[in-house]
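In this text, all values refer to a predicted model and were calculated from it rather than measured experimentally. Chain identifiers are assigned alphabetically (A, B, ...) following the order of the sequence lines, protein sequences preceding nucleic acid strands; residue numbering begins at 1 within each chain.
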Amino acid sequence: VAAWNSMLAAYATNGHLDIALRVFYSMPQRTAVSWTILLSACAHTGNLKDAKIFFDGMPDKNLIIWTTMIAAYSQNGHLGDATALFDSMPVRNILSWTSMLTAYAQAGQLDSARKMFQDIPHHDVVSCTAMLGIYAQTGRLEKAKGIFDSMPERDIVTYNAMLTAYGQAGDVAMATHTFRTMPQHDLVSWSTVISLLTQTGDLEHAKRMYEMMPLQDLISQTILLSCYSQHGNLKDAKKVFDQMPAQNLVSWNNMLSAYTQRGYMRDAKSLFDWMPQKNLLSWNIMLNSKLQNSRLEEGVSMFLTMPERDLVSWNSLLTAFTQTGDFQMVKKTFAEMPDKNLISWTTMLSALSRNNLLHDAKAMFDRMPEQN
RNA sequence: ACAAGGUGACUCACA
């Protein structure tokens, strides 16, 4: 059975969930481990429904499968379900607690996360690093450092989280100092610092470190690509992009932005058409570039045929109509929008006032919901 | 020989 499970795990972690499922059903017998592997794989691919089915279908649930299900809820943003499950657990261990901790953090409930952290009976390096990471991402350097200093043991992930804490707080000097003095480096350590350097504008330093990396993986390459793309450096962006041994949706979107930002509509379009996968961001990048590059007709028809639209797509369209001065369409679009945010309202307000329709602007202002 | 928790990349729309 263990051999079968190894095979299951191999397929499941390599993204072949379909094959894993076939293996699962054709196995001579299944253990708790088999169920857990599949449940975890479903959760990581965002397939919470099947994860739940596996969980419910499992005959004798052990602590691990309970915890895996909490992690599944946590990873997919279902805080309520995670809490309910956690509260009804017969036994908990440090992994259950930590999964719950990150569930709160993921939902933006920092106070609950902090409370949960304090309630954990016995901490380990992972639970402490989890809390450190939460503080790091929310820019609370002092808190992060406090945990770091109080930890009896630290591993490379702890140090990496601390790099992020310094980075988020804009302390490049301490980040690089920590990088130099930490016990070991892995790909995450390198790319965290490189990313920080590109964000603070020290491109030369970033490039030097990129060259020094023992191995340039997809993410570090993408960091560099993204940096070139954001600076409108199409040539170097293309160079990095073409040299990447493997690419993914993130790298394609980055290259797409690089093209559209410089108005290379033909290249953008052929990349876009070629992309094996697209997400809403890809569509919005392309949509916005059409709308902003005198291709209103194409843009509008893209808007109408997109697989999905969000508030950004709507605001993009709204802005385009305000720029052509077609107030018929502006009003129509604004009325049809399923949601509006502050950006939608300010788009309207500035369009009306730019065209000296001050009474309309005033009326619009009075219609704005309070929270804006 | 097998399973669960913590760290790095794109996030585009108004101003």
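Regarding Asn93(A), its CG atom lies at a distance of 8 Å from the C1' atom of A4(B), rounded to whole Å. Summarising the geometry, the separation between NE2 on His44(A) and P on A3(B) is reported as 13 Å, rounded to the nearest angstrom. In this structure, Ile64(A) places its CD1 atom 13 Å from P of C2(B), rounding to the nearest Å. Atom CZ in Phe54(A) sits about 16 Å away from atom C1' in A4(B), given to the nearest Å. The separation between Phe55(A) atom CZ and A4(B) atom C1' is 12 Å, rounded to whole Å.
Looking only at distances, a side-chain donor or acceptor of Thr13(A) sits under 3.5 Å from a matching main-chain atom of Ala9(A).
A salt bridge is absent between Lys115(A) and Asp119(A); no separation between the charged side-chain nitrogens and carboxylate oxygens falls under 4.0 Å. Using a cutoff of 4.0 Å between basic side-chain nitrogens and carboxylate oxygens, Glu211(A) and Arg208(A) are not scored as salt-bridged.
Using modelled atom types and a 3.5 Å distance limit, the side chains of Asn254(A) and Ser251(A) yield no donor-acceptor pair. Remark: the Asn253(A) side chain and the Ser282(A) side chain contain an N/O donor-acceptor pair separated by less than 3.5 Å.
Scanning residues 107-125 of chain A for heavy-atom distances under 4.0 Å to RNA chain B yields Asp124(A), Val125(A). In the region residues 10-17 of chain A, proximity to RNA chain B at under 4.0 angstrom, judged on heavy atoms, holds for none of the residues.
For the ring-ring contact (aromatic ring centres under 6.0 Å, His included) condition, the pairs that include at least one residue of residues 69-97 of chain A, sequence neighbours left out, are Phe86(A)-Trp97(A). The side chain to side chain donor-acceptor pair (under 3.5 Å) pairs that include a residue from residues 21-30 of chain A number zero, where partners must be two or more places apart or lie in different chains.
Residues forming a side-chain hydrogen bond (donor to acceptor under 3.5 Å, both in side chains) with Asp267(A) (at least two apart in sequence, or on another chain): none. Not a single side-chain hydrogen bond (donor to acceptor under 3.5 Å, both in side chains) links Asp87(A) to another residue, sequence neighbours left out. Annotation: side-chain hydrogen bond (donor to acceptor under 3.5 Å, both in side chains) contacts of His205(A) (sequence neighbours excluded): none. Residues meeting the side chain to side chain contact (heavy atoms under 4.5 Å, CB included) test with Met7(A), sequence neighbours left out: Trp4(A), Tyr11(A), Val23(A). Residues passing the salt bridge (charged side-chain N to carboxylate O under 4.0 Å, His left out) test with Asp56(A) are Lys52(A), sequence neighbours excluded. Judged as a salt bridge (charged side-chain N to carboxylate O under 4.0 Å, His left out), and not counting sequence neighbours, Lys278(A) has no contacts.
Contact annotation for Thr36(A): base contact, defined as any heavy-atom pair under 4.0 Å involving a base atom.
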Practice task
Could you summarise the pairing of RNA chain B as dot-bracket text, marking Watson-Crick and G-U pairs under 3.5 Å with ( ) or [ ] inside the strand and | across strands?
Solution key: ...............
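Residue side chain Asn160(A) does not reach the base of G6(B) through any donor-acceptor N/O pair under 3.5 Å, judged by distance alone. At a cut-off of 3.5 angstrom, the base of A4(B) holds no donor-acceptor pair with the side chain of Asn62(A).
For Thr98(A), the listed nucleotide lying nearest its side chain is G5(B); candidates were A4(B), G6(B), G5(B). Residue Ile94(A) places its side chain closer to G5(B) than to any other of A3(B), G5(B), G6(B).
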Completion exercise
Nucleotide by nucleotide, nucleotides 8-15 of chain B touches protein heavy atoms under 4.0 Å in the pattern (B base, S sugar-phosphate only, - none) BBBSBBB-
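Put simply, the side chain of Gln216(A) does not reach to within 4.5 Å of the side chain of Leu224(A), judged on heavy atoms.
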